[in-house]
A.B. asks: 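Once you've had a glance at the structure underneath, I'll fire off some questions.
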Number of protein chains: 2
Amino acid sequence: MKRNSRLSAVLHALMHMAEREMPMTSDDLALCLDTNAVVVRRTMAGLRDAGIVQSGRGHGGGWHFAKPLSDISLLDIYNALGEPIVFQIGPATEMPGCVVEKSVNRVIGDALKDAEAILMARFAGTTLADLAADFRVAAKHCRADTG
Amino acid sequence: MKRNSRLSAVLHALMHMAEREMPMTSDDLALCLDTNAVVVRRTMAGLRDAGIVQSGRGHGGGWHFAKPLSDISLLDIYNALGEPIVFQIGPATEMPGCVVEKSVNRVIGDALKDAEAILMARFAGTTLADLAADFRVAAKHCRADTG
DNA sequence: TTTTCATGTAACAATAATAGTTACGAATCG
DNA sequence: CGATTCGTAACTATTATTGTTACATGAAAA
């Protein structure tokens, strides 16, 4: 099964935005992410609704941050994407009548819940400023930051 | 995005098998799981190759365990299903040229790896015998174990 | 040995989720 | 006004999974 890369993709986009003074257009970002401008708008719409970025139309328009990078956690972004599903694996039936199935769902579900909590805590503790700092250290060693 | 329920489904099937003396046919299991016999065979084939279950053809044939329930961990089953992907979310590109993307992939990837380790440890520490015991306790309170 | 039952597997159709594309309306700036 | 840029709907393309049909293979029973 293929993995959903929207979180990675949008972080990639945001980091490129963080490196610029001026707003970036959907076309600019689409180039970075090797995709389509409409796809970019679709994804960024969630972040705009969550107050993470703002968009402007017309000349000089495009996307820019609505608040400091240090005020934006990965969890904020994850939630803004509207995909609160972390795991591919999950229960077969939400409301099983079979006692066997109920039992299986509970055991698996508990394990997944714990792992998810770990992940969310990690996301909550990492801000875009952290990510940008991490990137700048890496960029210092290798200057080929196109793409 | 929809979740993959093959692990839950196959555990459900195995627990029903655990409750019986005789082998269960693919049709029997398909009824339990509300699916098709061919789908059952497809899924169980992985477990057979992994030495977890055995299949017999002809009269009195069907599926049965190849070893004690206490010797089969959830991790064994998870691996036998041949889907070592836990998370829906993942990197956009495996081999990114862009330094920004590399950095993003590493941060996200590390967090996912840690959460996955937690989950796998939990799976490794739970056997089918544990699951069966859990089920029998639940069944004692409510006797309606069809499905 | 013939019949019946059951798995093994290939091939194909059905379903569903995601991503990509086109088109056009609305807003903004010069 | 005209160029630019987002907003969004509608449609197509792609891909993954699941369900179905069909038939070959093997094993036990009659």
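These numbers come from the heavy atoms of this one structure, side chains and all, not from hydrogens, waters or symmetry mates. Labels below follow one simple rule: chain letters A, B, ... track the order of the sequence lines, proteins then strands, and each chain is numbered from 1.
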A.B. asks: Under 4.0 Å: is that the gap between some side-chain N or O of B/T35 and OP1 or OP2 of D/dT18?
C.D. replies: no

A.B. asks: Near DNA chain D, under 4.0 Å by heavy atom, which residues of residues 48-69 of chain B?
C.D. replies: B/R57, B/G58, B/H59

A.B. asks: Please give, in whole Å, the distance from C/dA19 P to A/L7 CG?
C.D. replies: 12 Å

A.B. asks: Quickly work out the A/M44 CE to C/dA19 P distance and round it to whole Å.
C.D. replies: 16 Å

A.B. asks: How many Å lie between CZ on A/R6 and P on C/dT18, as a whole number?
C.D. replies: 8 Å

A.B. asks: List in chain and number order the residues that pass side chain to side chain contact (heavy atoms under 4.5 Å, CB included) with B/D114, two or more places apart in sequence or in another chain; answer none if no residue qualifies.
C.D. replies: A/R122

A.B. asks: Please report the distance, rounded to the nearest Å, between CG in A/D27 and C1' in D/dC6.
C.D. replies: 11 Å

A.B. asks: When you check the phosphate oxygens OP1 and OP2 of C/dA6, does a side-chain N or O of B/S26 lie under 4.0 Å from one of them?
C.D. replies: no

A.B. asks: For B/N36 and C/dA10, give me the distance from atom CG to atom P, rounded to whole Å.
C.D. replies: 16 Å

A.B. asks: Could you tell me the separation between the CG atom of A/L47 and the P atom of D/dC6, rounded to a whole number of Å?
C.D. replies: 14 Å

A.B. asks: If each of B/M24 and A/V38 is mapped to the nucleotide of DNA chain C with the nearest heavy atom, which maps nearer the 5' terminus, i.e. the 5' end?
C.D. replies: B/M24

A.B. asks: Test A/L119 against every option in B/L119, B/I108, B/L112 by the side-chain contact (heavy atoms from CB on, under 4.5 Å) rule and name the one that passes.
C.D. replies: B/L112

A.B. asks: Which nucleotide in the set C/dT21, D/dA22, D/dG19 lies at the smallest distance from any side-chain heavy atom of B/V39?
C.D. replies: D/dG19

A.B. asks: Would a single hydrophobic cluster contain both B/L131 and B/L75, if residues Ile, Leu, Val, Met, Phe, Trp and Tyr are joined by side-chain heavy-atom contacts under 4.5 Å?
C.D. replies: yes

A.B. asks: Atom CG of A/L31 and atom P of D/dT5: how far apart are they, to the nearest Å?
C.D. replies: 13 Å

A.B. asks: Would the number of heavy atoms belonging to other residues, nucleotides or ligands and lying under 6.0 Å from CG of A/D110 be above 12?
C.D. replies: yes

A.B. asks: Would you say the side-chain atoms of A/T25 and A/W63 include a donor-acceptor pair closer than 3.5 Å?
C.D. replies: no

A.B. asks: Distance check needed: C/dT18 P versus A/L81 CG, whole Å only.
C.D. replies: 12 Å

A.B. asks: Under 4.5 Å between side-chain heavy atoms, hopping through other hydrophobics if needed: is there a path connecting A/L33 to A/V39?
C.D. replies: no

A.B. asks: Keeping A/S103 on the side-chain end and A/V99 on the backbone end, is there a donor-acceptor pair under 3.5 Å?
C.D. replies: no

A.B. asks: Select one nucleotide: of D/dT8, C/dT9, D/dG19, the one nearest the side-chain heavy atoms of B/R41.
C.D. replies: C/dT9

